[in-house]
Amino acid sequence: MKANEVKELTTADLQDRLVAEIARLEQLRLQHAISPLDNPLQIRESRRLVARIKTELRKRELTK
(Lines give C-alpha, C1' and ligand atoms only; values in the text may rest on other atoms or scores of the structure.)
Protein backbone atom coordinates (compact mmCIF):
# COMPACT_ATOMS: atom_id res chain seq x y z
CA MET A 1 0.00 0.00 0.00
CA LYS A 2 1.48 3.29 -1.11
CA ALA A 3 1.30 6.60 0.73
CA ASN A 4 -1.34 7.99 -1.61
CA GLU A 5 -3.52 4.93 -1.01
CA VAL A 6 -3.20 5.47 2.75
CA LYS A 7 -4.32 9.10 2.38
CA GLU A 8 -7.49 8.04 0.57
CA LEU A 9 -8.74 5.86 3.45
CA THR A 10 -11.00 7.18 6.17
CA THR A 11 -9.73 7.56 9.73
CA ALA A 12 -11.77 4.58 10.94
CA ASP A 13 -10.43 2.43 8.11
CA LEU A 14 -6.88 3.50 8.96
CA GLN A 15 -7.31 2.55 12.59
CA ASP A 16 -8.69 -0.87 11.65
CA ARG A 17 -5.91 -1.39 9.13
CA LEU A 18 -3.32 -0.36 11.73
CA VAL A 19 -4.50 -3.00 14.20
CA ALA A 20 -4.49 -5.66 11.49
CA GLU A 21 -1.06 -4.67 10.21
CA ILE A 22 0.51 -4.67 13.69
CA ALA A 23 -0.87 -8.17 14.23
CA ARG A 24 0.55 -9.25 10.87
CA LEU A 25 3.94 -7.78 11.75
CA GLU A 26 4.04 -9.63 15.07
CA GLN A 27 3.09 -12.87 13.31
CA LEU A 28 5.82 -12.39 10.70
CA ARG A 29 8.42 -11.74 13.40
CA LEU A 30 7.34 -14.86 15.30
CA GLN A 31 7.48 -17.00 12.17
CA HIS A 32 10.89 -15.60 11.29
CA ALA A 33 12.23 -16.37 14.78
CA ILE A 34 11.10 -19.98 14.52
CA SER A 35 12.26 -20.61 10.96
CA PRO A 36 13.51 -18.17 8.33
CA LEU A 37 10.89 -16.65 6.07
CA ASP A 38 11.06 -17.20 2.34
CA ASN A 39 10.99 -13.43 1.90
CA PRO A 40 12.23 -11.58 5.01
CA LEU A 41 11.60 -8.26 3.27
CA GLN A 42 7.93 -8.74 4.19
CA ILE A 43 8.87 -7.64 7.71
CA ARG A 44 10.34 -4.39 6.40
CA GLU A 45 7.35 -3.70 4.18
CA SER A 46 4.94 -4.34 7.03
CA ARG A 47 6.91 -2.14 9.42
CA ARG A 48 6.95 0.70 6.90
CA LEU A 49 3.22 0.39 6.28
CA VAL A 50 2.59 0.68 10.03
CA ALA A 51 4.71 3.84 10.04
CA ARG A 52 2.82 5.29 7.05
CA ILE A 53 -0.52 4.66 8.72
CA LYS A 54 0.62 6.12 12.05
CA THR A 55 2.01 9.18 10.28
CA GLU A 56 -1.24 9.80 8.43
CA LEU A 57 -3.31 9.35 11.60
CA ARG A 58 -1.07 11.81 13.48
CA LYS A 59 -1.26 14.30 10.61
CA ARG A 60 -5.05 14.18 10.68
CA GLU A 61 -5.03 14.57 14.46
CA LEU A 62 -2.90 17.71 14.25
CA THR A 63 -4.97 19.32 11.50
CA LYS A 64 -8.18 19.18 13.56
Practice problem: Could you walk me through whether Leu28 and His32 pass the side chain to side chain contact (heavy atoms under 4.5 Å, CB included) test, one step at a time? | Solution: CA-CA 6 Å; Leu28 284 171; His32 188 62; over 6 Å; no
Practice problem: Report the C-alpha separation of Glu21 and Arg24 in whole Å, then their side-chain angles, then the decisive distance to 0.1 Å, and conclude whether the salt bridge (charged side-chain N to carboxylate O under 4.0 Å, His left out) test is met. | Solution: CA-CA 5 Å; Glu21 198 60 37; Arg24 180 175 179 262; 3.1 Å; yes
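The shortest distance between side-chain heavy atoms of Lys64 and Arg60 does not fall below 4.5 Å. You'll find the side chain of Leu18 stays beyond 4.5 Å of the side chain of Leu14, heavy atoms only. Side-chain contact between Val6 and Leu49 is present, with at least one heavy-atom pair separated by less than 4.5 Å.
Here the CD-CD1 distance, from Gln27 to Ile43, works out to 11.0 Å after rounding to the nearest 0.5 Å. Atom OG1 of Thr55 sits about 10.5 Å away from atom NZ of Lys7, to the nearest 0.5 Å. Arg17 contributes atom CZ, which lies 14.0 Å from atom CD of Glu56 (distance to the nearest 0.5 angstrom). Between the CZ atom in Arg29 and the OG atom in Ser46 there is a gap of 8.0 Å [rounded to 0.5 Å]. Remark: Leu41 CG to Arg47 CZ distance equals 10.0 Å, nearest 0.5 Å. Here the CD1-CD1 distance, from Ile53 to Ile22, works out to 8.5 Å after rounding to the nearest 0.5 Å.
When the side chains of ILVMFWY residues are joined at heavy-atom separations under 4.5 Å, either directly or via intervening members, Val19 and Leu25 end up in two distinct hydrophobic clusters.
Between Arg58 and Glu61, the closest heavy-atom pair is NH1-OE2, 2.7 Å.
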